2 protein chains.
Amino acid sequence: MSLINRNTDYAIRALVQLAQKKGKVVAVAQLAKAEKMPQPFLRRIMQVLCQNGLVVSHQGKKGGFSLRKKPAEISLGEIARVFQGGVDISQCLFRNFGCHNRQNCFLRKRLKKIEKIVVSELERTNIASFLTER
Amino acid sequence: MSLINRNTDYAIRALVQLAQKKGKVVAVAQLAKAEKMPQPFLRRIMQVLCQNGLVVSHQGKKGGFSLRKKPAEISLGEIARVFQGGVDISQCLFRNFGCHNRQNCFLRKRLKKIEKIVVSELERTNIASFLTER
DNA sequence: ACATAATGATACTTTTTGGGTATCATATGA
DNA sequence: TCATATGATACCCAAAAAGTATCATTATGT
């Protein structure tokens, strides 16, 4: 099990690259090549990022994508929300959906607590966090 | 995505039940019924718990399983380790296994950090933690 | 104008994994 | 000796994740 899936992973890497280019327009082909991501897959991811207002798309020759927000304003939490509907670490696994006593489930309570911690970590980590480290 | 899978989930529920029975021998059929878990599936889970020294099996008529350790000595972390090989929240999702620079992967580092927090929470939560709450 | 090189939109395929069954063998208490 | 429990394994199924393919549209440079 993993906290983030590949969509999220690739999206983060692409966004970090865009951030390094300081708002310049970069084509998917370049982004994909740099981190060895499958291009058509990344293309779809960029479209979704565009639809969700994280990047701006530029059509036509010399087109590509550029950041729409400041790196510091894009958190991992937001990206995860786009591609995974957030981080739902404590989801009920019970047979046929739904524990018979969801409200009082002892296990659920405990996992929710852990989830909160994780989510807050993801919120305070943003694209800018990664710029200096590289 | 979920922190624990169903094996782990069911195992926890079964162990809590056994803890409530204070070391008495309980058949899988009973355990399964109480939490509405699929019996043959739970049976396999109990076998694994037995092989890993968490419970003792008693064969034959009037057989079943009983706790081998004190509830306080069985952590969620240990159970997760048995059924999921631990909590590997920061696993590399990169194409064909392995980032090209696993050591310096900025994303991996960050996720590892979060993973540590989660694991420590799971370690300090044990079966006894759930006994009073019910 | 037009070829080229980019994204838009969408449908499809493949792979992996989680979750679950089925079955036969073995042990044991009444 | 029979009923009822676990031991050990092999197998199946469905859903989700990951990735591919294709055709339409838009902009640029000549």
Side-chain angles (χ1 to χ4, degrees), chain A residues 1-11 13-14 18 24-33 35-52 54-66 68 80 82-85 88 91-97, chain B residues 1-11 13-14 18 24-33 35-66 68 80 82-85 87-88 91-97:
Chain A
M1 104 257 38
S2 180
L3 199 54
I4 61 171
N5 63 20
R6 251 181 211 164
N7 288 297
T8 305
D9 187 322
Y10 289 169
R13 294 175 196 279
L18 288 181
K24 285 229 181 81
V25 175
V26 185
V28 167
Q30 281 184 63
L31 296 172
K33 196 179 171 190
E35 291 269 9
K36 291 176 187 157
M37 303 179 270
Q39 183 180 327
F41 192 30
L42 181 60
R43 198 167 140 217
R44 175 76 191 118
I45 289 171
M46 296 311 293
Q47 285 181 6
V48 174
L49 284 177
C50 182
Q51 287 157 5
N52 284 271
L54 300 194
V55 299
V56 185
S57 83
H58 305 266
Q59 278 189 307
K61 203 169 178 177
K62 287 263 178 183
F65 295 88
S66 59
R68 182 168 212 149
V82 168
F83 292 101
Q84 321 176 170
D88 187 8
Q91 74 184 235
C92 187
L93 296 173
F94 225 73
R95 192 174 177 67
N96 302 330
F97 307 125
Chain B
M1 105 257 35
S2 180
L3 199 53
I4 61 171
N5 63 21
R6 253 183 205 161
N7 287 297
T8 305
D9 186 322
Y10 288 167
R13 295 175 194 277
L18 288 181
K24 285 228 182 83
V25 175
V26 185
V28 167
Q30 281 185 62
L31 295 172
K33 195 178 171 190
E35 292 270 9
K36 291 175 188 159
M37 303 179 270
Q39 182 179 329
F41 192 31
L42 182 60
R43 198 168 140 217
R44 175 74 192 121
I45 289 170
M46 297 310 293
Q47 285 181 8
V48 174
L49 284 177
C50 181
Q51 287 157 4
N52 283 271
L54 301 193
V55 299
V56 185
S57 83
H58 306 265
Q59 279 189 305
K61 205 168 177 176
K62 287 266 179 182
F65 295 88
S66 59
R68 183 168 211 151
V82 168
F83 291 103
Q84 320 177 170
V87 169
D88 187 8
Q91 76 183 235
C92 186
L93 296 175
F94 226 73
R95 192 177 177 64
N96 302 330
F97 305 125

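The figures that follow rest on heavy atoms only: side chains count, while hydrogens, waters and symmetry mates do not. Per chain, numbering begins at 1; letters A, B, ... match sequence-line order. Note that the coordinates shown come from a computational prediction; the quantities given were computed from them, not determined experimentally.
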Please confirm whether the shortest side-chain N or O distance from A/Y10 to OP1 or OP2 of D/dA18 is below 4.0 Å.
no
OP1, OP2 of C/dG8 versus side-chain N and O of A/S57: anything below 4.0 Å?
yes
Between NZ of B/K33 and P of D/dA5 the distance, given in whole Å, is 12 Å
Side-chain N or O of A/Q51 versus OP1/OP2 of C/dA9: is the shortest distance under 4.0 Å?
yes
Can you tell me how far C1' of C/dA22 sits from CZ of B/R43, to the nearest Å?
10 Å
B/Q47 has an atom CD; how far is it from atom C1' of D/dA8, in whole Å?
7 Å
side-chain hydrogen bond (donor to acceptor under 3.5 Å, both in side chains) with A/Q51: which residues, sequence neighbours excluded?
none
Donor-acceptor pair under 3.5 Å: do we get one between B/R6's side chain and the base of C/dG20?
no
Given C/dT10, C/dT7, D/dG7, identify the nucleotide with an atom nearest to the side chain of A/R44.
C/dT10
Determine to 10° how strongly the helix from C/dA1-D/dT30 to C/dA30-D/dT1 is bent, judged from the axes of its five-pair ends.
10°
Atom-pair distance (NZ on A/K61; P on D/dG29), nearest Å
8 Å
Compare the minimum distances between each of D/dA18, D/dT20, C/dT7 and the side chain of A/N5, then state the nucleotide with the smallest one.
D/dA18
